[in-house]
Protein chains: 2
Amino acid sequence: MQTLSTEDYLKAIYHVSQSSSGAVATTSIAKQIGAKPSSVTDMFKKLSDQNLVKYQKYQGVSLTNEGVKTALRIIRKHRLWESFLVSHLNFNWDEVHQVAEQLEHIQSEKLTNELERFLDYPTHDPHGDPIPNRALFMKTYNKILLTELPVNKECVCVGVKDNSSDFLRYLDRRQIGIGTPLQVLHREDFDDSLHIQAGKSTLMITKKTAENIYVKS
Amino acid sequence: MQTLSTEDYLKAIYHVSQSSSGAVATTSIAKQIGAKPSSVTDMFKKLSDQNLVKYQKYQGVSLTNEGVKTALRIIRKHRLWESFLVSHLNFNWDEVHQVAEQLEHIQSEKLTNELERFLDYPTHDPHGDPIPNRALFMKTYNKILLTELPVNKECVCVGVKDNSSDFLRYLDRRQIGIGTPLQVLHREDFDDSLHIQAGKSTLMITKKTAENIYVKS
DNA sequence: AAAAAAATTTAGACTTGTCTAAATTTGTTA
DNA sequence: TAACAAATTTAGACAAGTCTAAATTTTTTT
């Protein structure tokens, strides 16, 4: 049974370890959590005492099996709640994160499993991220960034890298969402901007936009 | 913006003040919260500093208007979540309390209001307790204890006084729930036990049971 | 490889909410 | 109404989680 704080740390460590290789550094967690590095060191020690991370002074941490499981349980709840908020409570995909950050800490296996059933066992959340099932297994498809897609190849938007409200609302205005069919019509060599087909409309997006959109073909 | 703990105290003070008159005593809150009286005194001072209660040393507390509002906002969330758990997530009425105790602290007006809409503006929770609406107003009907009902008068079960699992599961086994039509067929003078009609079956209940069932006629 | 910079840890302090034990106030009873 | 009992408060301590400032280790640069 974890405290709110340890759960936040485990989740942060999991996310950082996913997007970089090797041990997770003190500073990266400090940034993610919004705490000072000294506080992070303190917490690393506590997590280590509980065998949730492997910690060596000055060398960062890595999650143990138990730590991974705990992190995935929280991520599972987070993404199930996000799905619920969007599908039944009229939240937009840029509004759900803050509330899900709270809901992910609710302790009740029955609640989580019943929520999953109620939502009909969703495999991905509103941002396209995979939802761990009861056994904490999740289906990841072979997604690539839109920048890596060959010109004229058809694909479908399956997720985003940047989850900021600014970006998500921008996509909303461009009518791009999870499931939208996309196709690169032309890549401009000058500034790497792309002319794309998005659903029924054609539009221009910058390189920065394209490298924050995941697609599968 | 309150902490988990202050919210628990405000709710406890509200509940105790509803079931007794005058100021709320330190000990009664200590019992309700499961803390020592000295801790309660500390918290009374903090709540008083925030103008959520009126506190006079050795004289207990009473909620200010702001304190009542805060308590009702928590109770509103608690009862909405209980309703959700029972109506959509297959929880029984004796299982919801513990989870709702956690969910009631989630901070998001949009969430609360959308949940209320999703549930179609329920006026009472699974135990028959009234749910404050957005304006924190709640409809209380003129309920009486089953012990006070005249023999042969028809009525409907609208709530329970004791919310323990033991009692609620007992009622489940007897097939008595919110909305069940009840009628006292005979009151036994010897031990105050009652023969009642509950829905389609007749059964005997003790005085103790009858004085924990609310009905309206 | 020495010096400088960056990252990390330690030490000591603070806040919140809790506790125990002792002191004080209120109430109850003889 | 004096003495006792019960309720309440105070004083001092503790745990969790955080911070700042200083010390230490690692990494990078010259």
Side-chain angles (χ1 to χ4, degrees), chain A residues 1-13 16-17 19-63 67 70-71 74 101-102 104-105 107, chain B residues 1-17 19-63 67 70-71 74 101-102 104-105 107:
Chain A
M1 194 110 310
Q2 306 307 318
T3 66
L4 290 197
S5 205
T6 58
E7 292 195 346
D8 285 337
Y9 275 87
L10 289 172
K11 198 177 58 146
I13 295 168
V16 171
S17 71
S19 59
S20 65
S21 62
V24 171
T26 309
T27 331
S28 58
I29 297 303
K31 241 173 253 163
Q32 185 91 355
I33 297 269
K36 300 291 163 184
S38 55
S39 309
V40 175
T41 300
D42 288 347
M43 189 56 91
F44 279 1
K45 287 183 198 158
K46 285 175 200 162
L47 294 173
S48 180
D49 290 345
Q50 295 183 259
N51 285 312
L52 294 164
V53 301
K54 233 174 42 188
Y55 169 54
Q56 280 200 292
K57 263 197 202 175
Y58 296 101
Q59 306 302 314
V61 292
S62 58
L63 291 171
T70 308
I74 300 159
E101 287 284 298
Q102 301 177 62
E104 72 190 4
H105 298 294
Q107 311 261 0
Chain B
M1 194 111 309
Q2 307 306 318
T3 66
L4 290 197
S5 205
T6 58
E7 291 195 347
D8 285 337
Y9 274 86
L10 289 172
K11 199 178 56 146
I13 295 167
Y14 180 87
H15 284 315
V16 171
S17 71
S19 59
S20 65
S21 62
V24 171
T26 308
T27 331
S28 58
I29 296 303
K31 240 173 256 165
Q32 184 91 357
I33 296 269
K36 300 291 162 186
S38 55
S39 310
V40 175
T41 301
D42 289 346
M43 190 56 92
F44 279 1
K45 287 183 198 159
K46 285 175 200 163
L47 294 173
S48 181
D49 290 343
Q50 296 183 259
N51 284 311
L52 293 164
V53 302
K54 233 173 43 187
Y55 170 54
Q56 281 199 293
K57 264 195 203 177
Y58 295 100
Q59 306 303 313
V61 292
S62 59
L63 291 171
T70 307
I74 300 159
E101 286 283 298
Q102 300 177 62
E104 73 190 3
H105 297 294
Q107 309 263 356

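Remember, it's a predicted structure, so these values are computed and weren't measured experimentally. In what follows, every heavy atom counts, from backbone to side chain, and hydrogens, waters and symmetry copies are set aside.
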Can you sort out the partners of [X] under side-chain contact (heavy atoms from CB on, under 4.5 Å), two or more places apart, ordered by chain and number?
{"X": "A:T6", "result": "A:Q2, A:T3, A:M43, A:L47, A:Q50"}
{"X": "B:A35", "result": "B:Y9, B:I33, B:S39"}
{"X": "A:S20", "result": "A:V16"}

Spacing of [X] atom [atom1] relative to [N] atom [atom2], expressed in whole Å:
{"X": "A:M1", "N": "D:dA16", "atom1": "CE", "atom2": "C1'", "result": "17 Å"}
{"X": "A:D49", "N": "D:dA15", "atom1": "CG", "atom2": "C1'", "result": "14 Å"}
{"X": "B:K45", "N": "C:dG17", "atom1": "NZ", "atom2": "P", "result": "14 Å"}
{"X": "B:L4", "N": "D:dA16", "atom1": "CG", "atom2": "C1'", "result": "14 Å"}
{"X": "A:M43", "N": "C:dT9", "atom1": "CE", "atom2": "P", "result": "14 Å"}

Would you list the pairs meeting ring pair (Phe, Tyr, Trp, His ring centres under 6.0 Å) in which at least one residue belongs to residues 24-47 of chain B, sequence neighbours left out?
B:F44-B:Y55

Among D:dT18, C:dG17, D:dT9, which nucleotide sits nearest the side chain of B:Y55?
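Within the option list, the nearest is D:dT9.
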
Counting only side-chain N and O atoms of [X], is one of them less than 4.0 Å from OP1 or OP2 of [N]?
{"X": "B:Y9", "N": "C:dT18", "value": "yes"}
{"X": "B:T41", "N": "D:dT10", "value": "no"}
{"X": "B:K46", "N": "C:dT16", "value": "no"}

May I ask you to say what B:F44 touches in the nucleic acid, namely base, sugar-phosphate or nothing, with a heavy-atom cut-off under 4.0 Å?
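B:F44: no heavy atom of the nucleic acid under 4.0 Å.
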
Using a 4.0 Å cut-off on protein heavy atoms (strictly under), produce a 5'-to-3' string for nucleotides 19-27 of chain C with B for base contact, S for backbone-only sugar-phosphate contact, and - for none.
BB---BSS-

Do any pairs count as a salt bridge (charged side-chain N to carboxylate O under 4.0 Å, His left out) and have a residue in residues 1-13 of chain B, sequence neighbours left out, and if so which ones?
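Listed by first then second residue: B:K11-B:E101, B:K11-B:E104.
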
